[in-house]
Amino acid sequence: MSGVDLRGFGWRHAGRRAWAVRQVDLRVRPGERVLLLGPSGAGKSTLLAALAGLLPDDSGEREGDVTVDGLEPRDARERVGIVFQDPETQLVMARCGDDVAFGLENRGVPAGEIWPRVDEALHRVGFPYRRDRLTAALSGGEQQRLALAGALALRPRLLLLDEPTANLDPAGAALVREAIGRAMDADTTLVLVEHRVAEALPLVDRVVVLDPGGGVRADGPPDDVFGRYGDALAAEGVWVPGRTVPPRRARNPAGDVLLTADRLGLPPRLAATDLTVRAGEALAVLGRNGTGKSTLALLLGGLLRPGLGRVTASRALAGADTRTPPHRWRGPALADRIGSVFQDPEHQFVARTVFDELALGPRRAGQPDAAVRSTVDTLLERLRLTRLAGANPYTLSGGEARRLSVATALATAPRLLICDEPTFGQDRRTWRELLDLFADLRDAGHGLVAVTHDIDFVAALADRTVALGPSTPGPADPSGMAPDAPEAPEAPEAPDTLDAPDAPNQPGWAGR
């Protein structure tokens, strides 16, 4: 049974003036189930990385002590399983079954036990494909389930989960929470970071709230913590159960059609889909993981060539280019008209600092320096990124990176904004700020398409919804395959090709 002890613990990342987390005194007894909360930037992910032994001395400055079972975390790694905020960072193999087996092989688990444990873990998280599914073909939510399966297969004594349901649809998130509950033996210690607080409470018996200024803000049974500090915590950004956010309804009726999709698809990733996007309207795209929502966002944004159907832009959006589909527009024209926010924020970062990342679009549009600085400073303040203006975008936490990616698109105020999971990893305060920014953009006559699993966000902002159904069905149960018979790998999907003039229209460039 693994216990955790932190005494005056703090960590400052190399090159940063501010401490990511500081002055934390915390003891977690073996077998406890702890929900770790705090506003964005309070250091929750950093603390989990410290417990997992993933903060090398040469990557920052540490103060105080942290131990797992009385050992330095780096010496206790075999007792610990962790699922990161970004699951893609821990997928290492080409095929899903091999990825789950990787950790077991490294731990020296007998060969005869490996594949039964792989199948059991995949089944527990409701993974919908066979073991030979390519990891590169998974959606963000499916990657999350696979990463969790890899951690559960190790049967860790200390399980660290950093928002394990963040990119999952409600049904998939429920499956994962059930999997966590089933996987937790009486002697397994759990530390869970989760913004879906109400849904996570049945998994835990203790709530610990970190204070961004240092130390522990509140600690105790959930009812006691939320009963005593609920109002204050909600004001500080913690998602407190029962505290709702008022909706932002559109001030005006929807305006001109901006974009139309006719039987738009990209087999096998997206079945034929029809939809219309209008100015002054927020359209939410819903659907279970794997139904092609992210693919649809890329197609609407002109970043992929359709395999089926077509995308037509109206004169209100395309001007003289109405006869040309968005994926054939020149890069600068596309960036001026359609802004895209990807599911993985880091896919669109190109500058060395947060300030320069935000300034890139306005500078490219020819805005004067004073206007650029005003725009950047406003977004930094509203999205609580001011203290990170000089930081490298790739060193941000998941929630901070998401806010930056949204802000880069907002900086140029494109006529149409397409966002994939725009509220991922946000505390209550920054979530409300994003809601207000999107609502203000819509009410100013811009179009908004949001691919999201965030039902609260849909209820607060969406004027209309479109629900996608399954594109290509797959087996629901990956178990029952012979453990000693390797499956043939799937043929890789052919890459999407673009004509030479359209080469800039790809993730990492568009919307900038």
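When only modelled atom types and interatomic distance are considered, Thr165 and Glu194 share a side-chain donor-acceptor pair under 3.5 Å. Asp420 and Ser294 share a donor-acceptor pair across their side chains, judged by distance under 3.5 Å alone.
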As a quick check of understanding, evaluate side-chain contact (heavy atoms from CB on, under 4.5 Å) for Val207 and Val34, giving each step before the final call.
CA-CA 6 Å; Val207 170; Val34 175; over 6 Å; no
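Residues Asp162 and Val83 fail the side-chain proximity criterion, which asks for heavy atoms closer than 4.5 Å.
Using a 4.0 Å cut-off between a side-chain N of Lys or Arg and a carboxylate O of Asp or Glu, Glu236 and Arg217 qualify as a salt bridge. Using a 4.0 Å cut-off between charged nitrogen and carboxylate oxygen, Glu32 and Arg27 do not count as a salt-bridge pair. Under the 4.0 Å criterion applied to side-chain N and carboxylate O atoms, Asp427 and Arg429 are not assigned as salt-bridge partners. A salt bridge links Asp57 with Arg74; the closest basic N to acidic carboxylate O contact falls under 4.0 Å. Between Arg107 and Glu78, none of the side-chain N atoms (NZ, or NE/NH1/NH2) sits under 4.0 Å from a carboxylate O, so this pair counts as no salt bridge. Salt-bridge annotation for Asp5 and Arg7: present, with a side-chain N of the basic residue lying under 4.0 Å from a carboxylate O of the acidic one. The pair Arg157-Asp187 does not meet the salt-bridge criterion, since no charged nitrogen lies less than 4.0 angstrom from a carboxylate oxygen.
Atom CZ of Arg249 sits in a crowded spot, with more than 12 heavy atoms from other residues, nucleotides or ligands closer than 6.0 Å.
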